[in-house]
Amino acid sequence: MTMPSADGTIFLPPQASTVAVEVDTIFYFIYYLCLLFFLLLGGSALYFLLKYRRREGGPEPVPISHNTALELAWSIIPLILLVIMFAWGVKAFLNLSVAPRDAMEIHAYARRWLWEFEYPDGNKSIGELRVPLGRPVKIILLSQGDPGGNVIHSLFIPAFRVKADALPNRYNTLWFQATRLGEFQIFCTEYCGAGHSDMLAKVVVMEPDGFKKWLDGLNRPPEGMPLAKVGEELFTKFACVTCHKNRADNAAVIGPSLIGAFGRTEGLADGSSVVIDENYLRESILQPAAKVVKGYQPVMPPFQGTLKDWQVTALIEYIKTLKQ
Amino acid sequence: MTQLDPSSPANPEGHTPPKGGVSFYQAARGWKSWVFTLDHKRIGIMYLASVLVAFLLGGIFALLVRLELLTPGKTIMSAETYNRMFTLHGAVMVFLVIIPSIPASLGNFILPLQLGAKDVAFPRLNLLSYYLYVIGAVFAIYSMITGAVDTGWTFYTPYSALTPNSVISMTLAVFILGFSSIFTGINFIVTIHALRAPGLTFYRLPLFVWALYATALMQVLATPVLGITLLLLIAERVLKVGIFDPAMGGDPVLFQHFFWFYSHPAVYIMIVPGFGVISELIATFCKKPIFGYRAVALSSIGIAIISFLVWGHHMFTSGQSVVASMIFSFLTFLVAIPTAIKAFNWVATMYKGSIWLATPMLYALAFLWVFTIGGLTGLFLSTTATDVHLHDTYFVVAHFHYVMMGGTIFAFFGGLHYWWPKITGRMYNETLGKWSWVVTFIGFNMTFFVQFIMGAKGMPRRYYNYLPEFGPYHSFSTVGSWILGLGFFLTAYCLLSAIWKGKKAGDNPWGGTTLEWHTSSPPPLENFLTEPRVSGGPYDRT
Ligand SMILES: [Cu+2]
Ligand SMILES: [Cu+2]
């Protein structure tokens, strides 16, 4: 026997939002009805099979054409149950579709293949969405900033039981109120190409005070940490790792490998060549389409306006440390 | 028996019309007798062979996809190859295998026999349907491979619009296949209306015929929408009017509406013929008329009608209005009723029957169990609130494989074993048939049941890579796919070996009552030496 549980069940992940409880309760309501009907149908089939198995000299079958009462019963009882399912589902659906008015609004921008989040104060984060505990948060989704043309993505947070598509031409929204501290997985659930399954991110649910401090901290690099080390963390956080090889165990091939890249002379798509220095790296992060390395597609999204100067510098310092 | 009229001069010995004569295989020989044939039986066999070749191809793609998913990250192929592989698997299985499987192969062969007719109404159109299918199939595979199509079988814009032109040639291929489908549909509708044997009223028709009739209606009404979508795609490319492409002011979600307006009825085009086969199997192997015959017959038509009104259930997270989602959810629940009625009627038919557990009946039972799971899990997806969580996860993948594979393919296999003696005149090895069933059944459930669990836990579909926590489920599923593959291999061997090794089957090895069992196996060119006359229900045995 299995019942909805805050820590997850054999079917469902842990519950970390207010709507999760109701969604799970409906899930299990349907689950037990299904189990009942499966046992009724499958079980009767099995029972009849054993009981009425054709045997030498066994009884002749009894033709029964129909039984109106029975047929009405198995049409009307399921109908009633279906109406209950429908109505309960809609009630919860309205609840999870319509955000409370006082919700904090965060914009989510999807591009191949990363998630970028913009907070009310204009600060941005990539690959992680930080939210305060116990406060309704409305996510306004858009697919944008993709040089190859924007496609549809979908933001899915299993622990919150919410999902909504990010469209190129229209805003779509979802909302949640987190009920647990901790990190929860974000997936892209609308197929979007080669990096689809690596288009991951995390929601980090924080105490409201900690959230405020973190948001403020985005304005400057963390103290007491070497810049290259900061850059190393950003490299993963900003999903650079999805396309660029930075370690021997990273098999990414969508963009050029960065191992030993600094100082190398690289051939470009237009036939010219360039020496990889700080300024080339800076330009390639902010406006990647300007000088594309030969043999690669111009698919990297521009980070102009997304990254702060200290973040770009930290990334460059990190790339400089990547030796053969 | 399909109560043959004993007073009719055509049935001199009471229930048994004259049989014998040369079989349709012997009536003509050489390659021309196949390529230019107008005989529905030969066309049915050519369809069957083509569908099975496509099934082999689609199955190989499936095994490669599962093999790649054995471990996270790269197992045998790159992400790009993987994306093409699942696209090929989906498109081949849906358009080249499941849609034509039962109606075009078994339907073509059996329908005129069950009606007591000499052929379908338009034999030339029938041959044209077949060649359109072949052209469409070749064109589809060619354009997918050369165009490196990696869009999934759903071809969603704007992603598909980024792959230059291939989406058009692919839709064009599907459009040709669609015409093949429409022609078969028209042919069947006219045949059923015009060529029934004397005395064979609508309520004396076998349930397989009812199912083919409902399917034909959907094929004729839904497939043109696919054509319209294609014209709009071309208009957008050529005339640069924004229809689906947001870069030109179009709306990509509109494509989803068009696509599912066709593809949801297509789901029932795929499953309703399976319902028909199951009704035949249960009636014959329980030695009883189907309980609630009229309800089962009419529920097929009910499903066909409602199926046109539910497409928006694929779009609950697309930003579609909340009210629209509510309406689509409600209509989707309505489809559950006629489907449930069928399941209850089949099980009730077993009550006080005389159940013969031959291989076809095993497939019917497997269908009952597996399709019930597939149908019931659909309830989680029609409920708006739970669908938001489950949409585009492996839960959906498991659901439609339980319906399409566990439903349609098991019904198809059941039908193949059931009619194999009629088609070939030979009986397959029953022991081997049963063992193949066991292996297939175990492999199927191993492959797909765990997918419900990992989907509900959040594993998205169409993922090349996955988080380590999903590893055990994926590996288990992949191992299941090998067992399933072995099951198919055994089944293929069982059926094919019967052709040269099988014993002579006799005209009615199962004690079937419908008209196809009243003629020789294999039937003569004209199907019946004298026109049968019918005076009773399809499954009566008095
Ligand atoms: Cu994506
Ligand atoms: Cu549908």
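Only heavy atoms go into these numbers, but all of them, side chains included; no hydrogens, no water, no symmetry mates. Throughout, protein chains are lettered first and strands after them, A, B, ... in sequence-line order, and every chain is numbered starting at 1.
- In this structure, no portion of B:Tyr466 lies under 4.5 Å from any heavy atom of chain A.
- Annotation: maximal heavy-atom pairing with chain B below 4.5 Å, among A:Arg54, A:His66, A:Glu71, occurs at A:Arg54.
- In this structure, chain A has no heavy atom under 4.5 Å from any part of B:Phe371.
- Under the 3.5 Å distance criterion, the side-chain polar atoms of A:Lys202 are left unmatched by any main-chain donor or acceptor of A:Gln185.
- We find that A:Asp24 and A:Arg161 are joined by a salt bridge, their nearest charged nitrogen and carboxylate oxygen being less than 4.0 Å apart.
- At a 4.5 Å heavy-atom cutoff, the contact between A:Leu70 and chain B is made by side-chain atoms alone.
- When all heavy atoms of A:Leu142 and A:Tyr171 are compared, the closest pair comes out as CD2-CE2, 3.9 Å.
- If you measure heavy-atom distances from B:Ser354 to chain A, the contacts under 4.5 Å come from both the backbone and the side chain.
- Distance check: B:His391 NE2 to B:His313 NE2 gives 10.5 Å after rounding to the nearest 0.5 Å.
- Nearest heavy atoms, A:Arg180 versus A:Ala6: NH2-O, 3.3 Å.
- Taking A:Ile26, A:Leu41, A:Leu12 one by one and counting their heavy-atom pairs under 4.5 Å with chain B, the maximum is reached by A:Leu41.
- Here B:Phe291 contributes atom CZ and A:Asn67 contributes atom CG; the two are 5.0 Å apart, rounded to the nearest 0.5 Å.
- Heavy atoms of B:Leu368 lying under 4.5 Å from chain A belong exclusively to its side chain.
- In terms of heavy atoms, A:Gln15 sits closest to A:Ala20 at CB-CB, 3.7 Å.
- Counting heavy-atom pairs closer than 4.5 Å to chain A, the top-ranked of the candidates B:Ala343, B:Pro252, B:Pro289, B:Ala340 is B:Pro252.
- For chain B, the nearby part of A:Val162 is the backbone; its heavy atoms alone come within less than 4.5 Å.
- Comparing A:Ala159, A:Cys192, A:Ser97 by heavy-atom pairs within less than 4.5 Å of chain B, the highest count is held by A:Cys192.
- Contacts of A:Leu174 with chain B are absent, with no heavy-atom separation under 4.5 Å from either backbone or side chain.
- Of the listed residues (B:Phe330, B:Phe395, B:Phe380, B:Trp356), the greatest number of heavy-atom pairs within a distance under 4.5 Å of chain A belongs to B:Phe380.
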Candidate pair B:Thr75 and B:Thr71, rule side-chain hydrogen bond (donor to acceptor under 3.5 Å, both in side chains), full reasoning = CA-CA 6 Å; B:Thr75 308; B:Thr71 62; 2.5 Å; yes

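- The line from CZ of A:Arg112 to CD1 of A:Ile254 is 10.5 Å long, rounded to the nearest 0.5 Å.
- Per-residue heavy-atom pair counts under 4.5 Å with chain A were compared for B:Asn345, B:Thr393, B:Val253, B:Ile290, and the maximum is reached by B:Asn345.
- Residues A:Phe29 and A:Trp88 bring their aromatic ring centres within 6.0 Å.
- Heavy atoms of A:Ser44 lying under 4.5 Å from chain B belong to its backbone as well as its side chain.
- Only the backbone of B:Thr157 comes within contact range of chain A, judged by heavy atoms closer than 4.5 Å.
- The cationic atom of B:Arg461 (NZ for Lys, CZ for Arg) does not lie both less than 6.0 Å from the six-membered ring centre of A:Tyr191 and within 45° of the ring axis.
- Among A:Val23, A:Thr9, A:Leu40, A:Ile64, the residue making the largest number of heavy-atom pairs under 4.5 Å with chain B is A:Ile64.
- With a 4.5 angstrom heavy-atom cutoff, A:Asn95 does not touch chain B via any of its atoms.
- Of the two parts of A:Glu22, neither the backbone nor the side chain holds a non-hydrogen atom closer than 4.5 Å to a non-hydrogen atom of chain B.
- Considering only heavy-atom pairs separated by less than 4.5 Å from chain B, the leading option among A:Ile152, A:Leu200, A:Leu94 is A:Ile152.
- Within the 4.5 angstrom heavy-atom criterion, atoms from both the backbone and the side chain of A:Phe11 approach chain B.
- Interface residue A:Cys188: backbone and side-chain heavy atoms are both found under 4.5 Å from chain B.
- Looking at A:Leu141, there are no atoms closer than 4.5 Å to chain B (heavy atoms on both sides), in backbone or side chain.
- Using a 4.5 Å cut-off between heavy atoms, A:Thr173 makes no contact with chain B at all.
- In this structure, the separation between OH on B:Tyr463 and CG on B:Asp392 is 10.0 Å, given to the nearest 0.5 Å.
- If you take OH on B:Tyr351 and OH on A:Tyr47, they are separated by 9.0 Å, rounding to the nearest 0.5 Å.
- Interface remark: A:Tyr31 contributes backbone and side-chain atoms alike to the contact with chain B (heavy atom separation under 4.5 Å).
- A:Ala251 does not touch chain B: none of its heavy atoms, backbone or side chain, sits under 4.5 Å away.
- Using a 4.5 Å cut-off between heavy atoms, A:Leu49 touches chain B through backbone and side chain atoms alike.
- Of the atoms belonging to B:Tyr293, it is backbone heavy atoms, and not side-chain ones, that fall under 4.5 Å from chain A.
- Put simply, of B:Thr372, B:Asn83, B:Ile453, the one with the most heavy-atom pairs under 4.5 Å next to chain A is B:Asn83.
- Both the backbone and the side chain of A:Asp165 come within less than 4.5 Å of a heavy atom in chain B.
- Of the charged side-chain nitrogens involved, at least one lies within less than 4.0 Å of a carboxylate oxygen, so that B:Asp251 and A:Arg170 count as a salt-bridged pair.
- Taking chain A as the reference chain and counting heavy-atom pairs below 4.5 Å, the highest number among B:Met315, B:Met350, B:Lys288 is found for B:Met350.
- A:Phe187 and B:Gly458 get closest at one heavy-atom pair: CE1-O, 3.4 Å.
- Interatomic distance, CD1 of A:Ile10 versus OG of A:Ser5, reported as 12.0 Å (0.5 Å rounding).
- When side chains are defined from C-beta on, A:Trp113 does not count as touching A:Asp198, because their heavy atoms never get closer than 4.5 Å.
- Aromatic rings of A:Phe184 and A:Phe160 (six-membered ring for Trp) have centroids within the 6.0 Å cut-off, being under it.
- For chain B, the option among A:Glu190, A:Met199, A:Lys51 with the highest count of heavy-atom pairs below 4.5 Å is A:Glu190.
- Top candidate by heavy-atom pairs under 4.5 Å with chain A, chosen from B:Leu379, B:Thr377, B:Val388, is B:Val388.
- Within the 4.5 angstrom heavy-atom criterion, no atom of B:Glu469 approaches chain A.
- Between B:Ile355 and B:Cys286, the shortest heavy-atom contact is CG1-SG, 3.9 Å.
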